[in-house]
Visitor: 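Please read through the structure below; I'll follow up with questions.
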Amino acid sequence: MTDNAEHARLPEERLAKLEQLRAAGVDPYPARFARTDLAAEVTPTFDTAPGRPVRVAGRVVGGIRRMGRATFLHLLDGSGQIQAYFKQDVLGEQAYGLLDAIEAGDFLGVVGNTIRTRTGEVTVQAVEYAVLAKSLRPLPEKWHGLQDVETRLRRRYLDLIANPEVADVFRLRSRIIHEVRTFLVERGFLEVETPVLQAVPGGGAARPFETYYNALDRTLYLRIALELYLKRCIIGGIERVFELGRNFRNEGLSLKHNPEFTMLEAYQAYADYRDIMALTEELVATVAERALGSPRITLGEEEVDLSPPWPRVPLRDAILQGSSVDYEACPDAESLARAAAEAGLRTQPGWSRGKLIDELLSTFVEPKIREPVFFVDYPVELSPLAKRRPDRPDVVERFEAFCGGMEIANAFSELNDPLEQRARFLEQVRLKGAGDEEAQPFDAEFLEALEHGMPPTGGMGMGIDRLAMLLTGQRRIRDVILFPQLRSIE
RNA sequence: GGGGGCGUAGCUCAACGGCAGAGCAAGGGCCUUUUAAGCCCGUGGUUCAGGGUUCGAAUCCCUGCGCCCUCACCA
């Protein structure tokens with residue numbers, strides 16, 4: 001639906017019910033109701049204490065079964081549903097009669113005793129009830145639920161009410177993030193918060209959102225990564241540090257991309273990328289175990305085991321196997337572009353060697369990955385912030401973790417040689433000048449910090465939305481983000 | 001941005017060149033253990049918006065808006 005005027009109109013029948021309540025002296029929006037019981041807890045406690053008094057509250061969902069002088073309905077609260085049963089001879093004619101003004105969507109508080117109905121459902125038989133909030137708009141249809149994707153996303157609250165499995169996904173997402181945080185804190189990591197508004201949007205390769213700060217009369221950018229500030233923390237002596245926060249990238253929407261997304265970055269002094277690999281696989285398996293009860297997850301038809309250790313595969317071997325292209329046999333962009341084109345990659349003129357390698361990876365390798373795997377030995381030109389392997393200066397101490405057809409983590413032994421970092425930044429600046437829009441900016445303040453000395457450090461970034469997709473079995477990133485980006489309504 | 005599909009009642013969907021419909025929701029009536037309650041009766045429409053073709057358009061054509069799929073882009 002795109003017609004705002006249509007939605008602005010309130011159903012007159014609902015307004016009439018509201019007036020009916022007010023005319024009877026009922027406040028349709030009272031400030032409080034003393035709830036003592038959650039819907040989901042009423043049924044399991046019935047057998048040990050049948051007939052006990054309870055006070056439940058929630059939204060009226062589903063159909064109201066009005067049968068003359070008896071009425072049944074279900075209340076939905078944050079824990080689940082419970083049936084309530086109203087009889088005229090218990091409530092009295094006036095209170096019972098006011099149920100006429102109650103509709104699906106309204107919030108009710110019910111005071112009563114638990115009973116088991118003829119069909120076996122534990123139910124609260126009302127002694128009294130209170131209107132807690134009158135709803136002025138109808139809920140989506142109860143049987144088919146809410147199907148229209150646009151409505152589900154634009155008015156997610158209706159989706160949450162109509163489709164209980166959606167609420168389950170977000171409960172699980174919360175649990176996953178909690179377990180990630182717990183895992184890191186248990187291992188001595190300190191959680192910090194670093195600036196979202198940055199003068200130099202570094203730490204990754206992406207186009208930033210730009211904004212303007214009036215008081216200082218300067219352009220600022222929303223961060224695209226957490227990296228450079230967390231390294232400042234390491235330099236400052238916080239030896240294990242992490243941040244769970246939102247990054248912003250001014251790029252396209254896809255099944256796996258939203259312009260704002262949640263990132264975990266964790267840095268550990270005196271660790272290298274091998275230590276971080278062990279940390280990463282243990283983190284994912286532990287979070288799955290604690291949030292789902294098992295390190296085994298379901299991906300479509302398949303079951304995938306996240307338990308460590310995950311295989312370590314050189315990137316060159318993975319691409320060779322996936323595409324028959326051996327990029328180490330192609331030392332320059334021209335020869336690699338030819339080989340990639342022969343393998344079926346649709347190349348574009350001007351792509352760098354690094355770009356070609358990345359395209360080979362994402363086209364021929366990434367989509368086929370099911371079980372978790374680490375790719376290692378990344379070419380230095382793809383990794384301006386990573387340390388070189390001492391025995392092989394053409395590759396860096398870096399890995400990316402893949403699972404279920406997605407990249408879920410990226411990590412390296414952090415480059416802590418300030419002079420080399422300066423040279424790498426200058427190379428990025430050169431690439432930017434040559435038209436590479438993803439090349440990273442020169443960050444003089446970060447370099448100055450690095451010049452004060454950073455201990456050997458391993459660092460890792462993990463896409464939390466993608467981790468949530470993996471562990472909740474969702475195919476689309478927007479299904480694990482409550483309010484994903486959509487085009488605006490006129 | 002390219003290609004394809006879709007947009008009809010509050011919701012889920014029909015009608016596909018010839019009177020815009022059903023189920024649910026909402027309204028009225030009956031019903032004191034229902035749970036997709038049931039039975040009876042009514043109500044509800046700028047067919048996304050604008051233009052065109054036609055005797056006649058929800059239907060065909062064009063433009064715009066939005067959503068979905070897909071490709072591109074996005075490590």
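Note that the structure is predicted; figures quoted are calculated from it, not measured. Convention: sequence-line order gives letters A, B, ...; per-chain numbering from 1.
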Visitor: Both distances below 3.5 Å, Watson-Crick or wobble geometry, any strand: find the nucleotide opposite B/A58.
Guide: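 Its partner: none found.
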
Visitor: Using a heavy-atom cut-off of under 4.0 Å over every strand shown, decide if A/Arg152 touches base, sugar-phosphate, or nothing.
Guide: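 Counting heavy atoms under 4.0 Å across all strands, no contact is made by A/Arg152.
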
Visitor: Could you give the distance separating B/G45 and B/G10 at their P atoms, to the nearest angstrom?
Guide: 8 Å

Visitor: Return the nearest nucleotide to the side chain of A/Arg478; candidates are B/U32, B/C68, B/C73.
Guide: B/C68

Visitor: Counting only side-chain heavy atoms from C-beta out, which of B/A75, B/U33, B/C69 sits nearest to A/Met67?
Guide: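 Closest nucleotide to the A/Met67 side chain: B/U33.
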
Visitor: Distance between the C1' atoms of B/U32 and B/U47, in whole angstroms?
Guide: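 One C1' to the other, the span is 44 Å.
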
Visitor: Out of B/U33, B/C69, B/U32, which has the shortest distance to the side chain of A/Asp89?
Guide: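 Nearest nucleotide to the side chain: B/U32.
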
Visitor: Separation of A/Phe86 atom CZ from B/U33 atom P, in whole Å?
Guide: 16 Å

Visitor: Using a 4.0 Å heavy-atom cut-off across all strands, classify A/Lys355 as base, sugar-phosphate, or nothing.
Guide: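 Contact class for A/Lys355: sugar-phosphate only.
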
Visitor: Does A/Arg66 make a side-chain N or O approach to OP1 or OP2 of B/C30 shorter than 4.0 Å?
Guide: no

Visitor: Report which part of the nucleic acid A/Glu13 touches: base, sugar-phosphate, or nothing (heavy-atom distance under 4.0 Å, all strands).
Guide: sugar-phosphate

Visitor: Determine the Euclidean distance between corresponding C1' atoms of B/A20 and B/G44; express it in Å to zero decimal places.
Guide: 13 Å

Visitor: Considering only atom C1', compute the distance from B/A36 to B/C11 and round it to an integer number of Å.
Guide: 14 Å

Visitor: What I want to find out is whether A/Asp47 reaches A/Arg116 closely enough, with some N-O distance under 4.0 Å, to be called a salt bridge.
Guide: yes

Visitor: Report the distance from atom CD of A/Glu381 to atom C1' of B/A75, rounded to the nearest whole Å.
Guide: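 The answer, rounded to whole Å, is 13 Å.
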
Visitor: Using whole Å, what does the distance between atom C1' of nucleotide B/C24 and atom CD of A/Glu103 come to?
Guide: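 Checked: the CD to C1' distance equals 15 Å.
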
Visitor: Walk me through whether A/Phe412 and A/Leu385 qualify under side chain to side chain contact (heavy atoms under 4.5 Å, CB included).
Guide: CA-CA 8 Å; A/Phe412 25 88; A/Leu385 299 167; 3.9 Å; yes

Visitor: Please report, rounded to the nearest Å, how far the C1' atom of B/C11 is from the CG atom of A/Leu139.
Guide: 10 Å

Visitor: Which of the following nucleotides, B/G27, B/U33, B/C68, is nearest to the side chain of A/Lys17?
Guide: B/G27

Visitor: Starting the side chain at C-beta, find the nucleotide from B/C69, B/A75, B/A26 nearest to A/Ser362.
Guide: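 Looking only at heavy atoms from C-beta outward on A/Ser362, the closest nucleotide is B/A75.
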
Visitor: Which whole-number value in Å describes the distance from A/Asn250 CG to B/C73 P?
Guide: 17 Å

Visitor: Closer than 4.0 angstrom, basic N to acidic O: yes or no for A/Arg316 and A/Asp326?
Guide: yes

Visitor: Could you tell me how far B/G42 sits from B/C30 if I compare only their C1' atoms? Round to whole Å.
Guide: 16 Å

Visitor: Report yes if a side-chain nitrogen or oxygen of A/Arg476 is closer than 4.0 Å to either non-bridging phosphate oxygen (OP1 or OP2) of B/C69; otherwise report no.
Guide: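 Result: yes.
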
Visitor: Are A/Tyr85 and A/Phe72 an aromatic pair, judged by ring center distance below 6.0 Å?
Guide: yes

Visitor: Applying the Watson-Crick and G-U wobble criteria at under 3.5 Å, what pairs with B/G17? Answer none if nothing qualifies.
Guide: none

Visitor: Categorize A/Leu146 for me: base, sugar-phosphate, or nothing, with a 4.0 angstrom heavy-atom threshold over every strand shown.
Guide: sugar-phosphate

Visitor: Using heavy-atom distances to pick each residue's nearest nucleotide on RNA chain B, tell me which of A/Gln83 and A/His257 is more 5'.
Guide: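 Comparing both residues, the 5'-ward one is A/Gln83.
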
Visitor: Write down the distance separating the C1' atoms in B/G56 and B/C19, rounded off to the nearest Å.
Guide: 12 Å

Visitor: Taking the basic N atoms (NZ, or NE/NH1/NH2) and the acidic carboxylate oxygens, is any pair closer than 4.0 Å for A/Lys17 and A/Glu13?
Guide: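 Salt bridge between A/Lys17 and A/Glu13, a charged N being under 4.0 Å from a carboxylate O: no.
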
Visitor: Could you let me know what B/G1 is paired to, Watson-Crick or G-U wobble, both distances under 3.5 Å, or none if it's on its own?
Guide: B/C71

Visitor: Kindly determine whether A/Glu427 and A/Arg430 satisfy salt bridge (charged side-chain N to carboxylate O under 4.0 Å, His left out), including the steps that lead there.
Guide: CA-CA 5 Å; A/Glu427 171 64 8; A/Arg430 190 188 68 76; 2.9 Å; yes

Visitor: Picking from B/U33, B/A26, B/C73, which would you name as closest to the side chain of A/Phe72?
Guide: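 Closest of the options to the side chain of A/Phe72: B/U33.
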
Visitor: So if I take every side-chain heavy atom of A/Leu255 and compare against B/U32, B/C68, B/U70, which nucleotide ends up nearest?
Guide: B/U70

Visitor: CG of A/Asp106 versus P of B/A26: gap in Å, rounded?
Guide: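 Rounded to whole Å, this separation is 10 Å.
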
Visitor: Quick one: which of B/A25, B/U33, B/C68 gets closest to the side chain of A/Pro138?
Guide: B/A25

Visitor: I need the CD1-P distance between A/Ile64 and B/G28, as an integer number of Å.
Guide: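 Interatomic distance, CD1 of A/Ile64 to P of B/G28: 12 Å.
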
Visitor: Under 4.0 Å from OP1 or OP2 of B/U34: is there any side-chain N or O of A/Arg65 that close?
Guide: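 Checking B/U34 against A/Arg65, no side-chain N or O comes under 4.0 Å of OP1 or OP2.
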
Visitor: With a non-hydrogen cut-off below 4.0 angstrom, is A/Arg116 in contact with a base, only sugar-phosphate, or nothing?
Guide: nothing

Visitor: Find the distance between CG (A/Leu315) and CG (A/Leu382) and round it off to the nearest 0.5 Å.
Guide: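 It is 8.0 Å, given to the nearest 0.5 Å.
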
Visitor: For A/Ile102 and for A/Arg69, find the nucleotide of RNA chain B with the closest heavy atom, then tell me which residue's nucleotide is more 5'.
Guide: A/Ile102

Visitor: To the nearest angstrom, how far is A/Tyr157 atom OH from B/C11 atom P?
Guide: 12 Å

Visitor: With both distances kept under 3.5 Å, what pairs with B/U43, Watson-Crick or G-U wobble?
Guide: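 The base-pairing partner of B/U43, which may sit in any strand shown, does not exist here.
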
Visitor: Which nucleotide sits closest to the side chain of A/Glu121: B/C69, B/U34, B/U12?
Guide: B/U34

Visitor: If we take the C1' atom in both B/A22 and B/C65, what is their distance in whole Å?
Guide: 30 Å

Visitor: Is any side-chain N of the basic residue among A/Asp377 and A/Arg389 closer than 4.0 Å to the acidic one's carboxylate O?
Guide: yes

Visitor: With a 3.5 Å limit on both atom pairs, tell me what B/G66 is paired to, counting Watson-Crick and G-U wobble, or say none.
Guide: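 The base-pairing partner of B/G66, which may sit in any strand shown, is B/C6.
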
Visitor: Sticking with atom P, work out how far B/A57 lies from B/G17, rounded to a whole angstrom.
Guide: 14 Å

